[in-house]
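In what follows, a single structure is set out as structure tokens and then discussed.
Quick note: numbers below take in every heavy atom, side chains included, and nothing from hydrogens, waters or symmetry partners.
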2 protein chains.
Amino acid sequence: MARTPRDVTDAELEVLRALWDLPEATIRALADRVYPNGGASEYATVQKLLERLEDKGHVAHRSEGRQNVYTARLGREDLVALRLRETADSLCGGSFTPLLTHLVSGARLSARELRDLRRLVDSLGERR
Amino acid sequence: MARTPRDVTDAELEVLRALWDLPEATIRALADRVYPNGGASEYATVQKLLERLEDKGHVAHRSEGRQNVYTARLGREDLVALRLRETADSLCGGSFTPLLTHLVSGARLSARELRDLRRLVDSLGERR
DNA sequence: CGTCTTCTCAGACGTTACGTCTGAGAATCT
DNA sequence: AGATTCTCAGACGTAACGTCTGAGAAGACG
């Protein structure tokens with residue numbers, strides 16, 4: 001059994017979150033946000049996490065003047081999609097329907113959520 | 001950042017899968033299924049994986065005669081639910097709706113799946 | 001100019017998870 | 001009795017992960 005590394009780890013997610021709030025951010029800005037009043041080592045930690053995120057293709061950077069500006073290539077929705085596909089693949093033979101039926105029947109949706117959902121389904125049905 | 005162990009790891013899932021197919025199984029039966037023609041060490045591996053799964057509360061065993069019979073306490077659907085909740089919590093502030101809208105709009109559902117889904121939603125709506 | 005700060009880049013370190021395996025002892029079979 | 005098969009407890013190596021250190025380049029500013 002080979003061990004599969006996680007798509008995004010806990011600490012990496014923290015940085016990603018910061019990047020989602022600050023769409024164009026320097027390492028310092030992210031470090032300040034993730035580790036308020038953190039020192040040089042925390043800065044370096046964020047730096048390393050960004051490097052690993054970049055290796056995975058989840059963030060990109062361009063160098064602007066002297067410093068690097070990072071942007072997220074992986075949005076929150078993308079990560080949601082990724083996670084959903086992972087569970088569908090590993091647990092439902094790749095099909096999304098089990099997830100759907102679980103969510104619809106199991107999760108207790110508010111009346112509002114239910115109405116929105118119905119509207120969404122209806123709009124989808126009509127479109128073809 | 002504390003590192004959170006995975007709910008079910010890759011190798012553990014393999015054993016769980018076997019347990020889902022063989023609802024009451026001895027270690028040997030599981031080992032034979034997970035590692036066809038595996039020897040003593042593979043047997044011990046399955047044993048250890050079961051032990052860890054039991055620590056997490058995902059399987060239980062009773063001793064039947066000389067040997068232990070294992071059963072899954074965590075079903076496939078439970079694990080699906082767990083995974084869904086995890087992603088909802090870590091990415092959607094605990095709400096399921098983003099998952100739903102993503103699945104409904106993003107995943108390309110077949111006409112049949114769509115019809116089933118609509119029926120499901122409708123039945124839910126009428127019930128209150 | 002020289003020093004001080006702030007950045008980047010490269011790599012190391014310690015802990016834990018995870019998959020695997022070994023060994024000892026008890027029970028059962030033949 | 002001896003071989004087999006089980007259980008239980010623990011060890012081992014590798015990789016992941018979070019963190020940190022050090023060296024060097026580039027501005028800032030007296």
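Remark on DNA chain D: of its neighbouring residues R3(A) and A40(A), the 5'-side contact belongs to R3(A), judged by nearest-heavy-atom nucleotide.
When all heavy atoms of A2(B) and D10(A) are compared, the pair lying nearest together is O-OD2, 3.5 Å. Of all non-hydrogen atoms in S90(B) and R17(A), the two that sit nearest each other are O-NH1, 2.7 Å. The two residues P23(A) and T71(A) have their closest heavy-atom pair at O-CG2, 3.5 Å.
Y35(B) and L16(B) fall within the same hydrophobic cluster, where Ile, Leu, Val, Met, Phe, Trp and Tyr residues are linked whenever their side-chain heavy atoms come under 4.5 Å apart, directly or through other members.
Applying the side-chain hydrogen bond (donor to acceptor under 3.5 Å, both in side chains) test to E24(B) and every residue at least two apart in sequence or in another chain returns R62(B). Every residue was checked against the salt bridge (charged side-chain N to carboxylate O under 4.0 Å, His left out) condition with E42(A), not counting sequence neighbours, and none meets it. The side chain to side chain contact (heavy atoms under 4.5 Å, CB included) test applied to N68(A) returns H61(A), S63(A), Y70(A), not counting sequence neighbours. Checked against side-chain hydrogen bond (donor to acceptor under 3.5 Å, both in side chains), D7(B) has the following partners two or more places apart in sequence or in another chain: R83(B).
For DNA chain D, no neighbouring residue in residues 78-92 of chain A is found when judged by any heavy atom under 4.0 Å. Contacts between residues 20-31 of chain B and DNA chain D, defined by a heavy-atom separation under 4.0 Å, are made by I27(B), R28(B). Within residues 41-69 of chain B, the residues approached by DNA chain D to less than 4.0 Å at the level of any non-hydrogen atom are Y43(B), Q47(B), K48(B), R66(B), Q67(B), N68(B), in residue-number order.
Within the structure, salt bridge (charged side-chain N to carboxylate O under 4.0 Å, His left out) contacts touching residues 85-101 of chain A (residues at least two apart or in different chains) do not occur. Within the structure, ring pair (Phe, Tyr, Trp, His ring centres under 6.0 Å) pairs that include any residue of residues 7-29 of chain B do not occur (at least two apart or interchain). Pairs of residues two or more places apart, or lying in two chains, that qualify as salt bridge (charged side-chain N to carboxylate O under 4.0 Å, His left out) and include a residue from residues 44-57 of chain A are E12(A)-K56(A), K48(A)-E51(A).
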Under 3.5 Å donor-acceptor pairs involving side-chain atoms of residues 26-34 of chain A, not counting sequence neighbours:
{"from": "T26(A)", "atom 1": "OG1", "to": "R28(A)", "atom 2": "N", "distance (Å)": "3.3"}
{"from": "R33(A)", "atom 1": "NH1", "to": "D21(A)", "atom 2": "OD2", "distance (Å)": "2.9"}

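Contact footprint of chain A on DNA chain C: nucleotides with an atom under 4.0 Å from a non-hydrogen protein atom, first to last in 5' to 3' order, dT6(C) to dT20(C).
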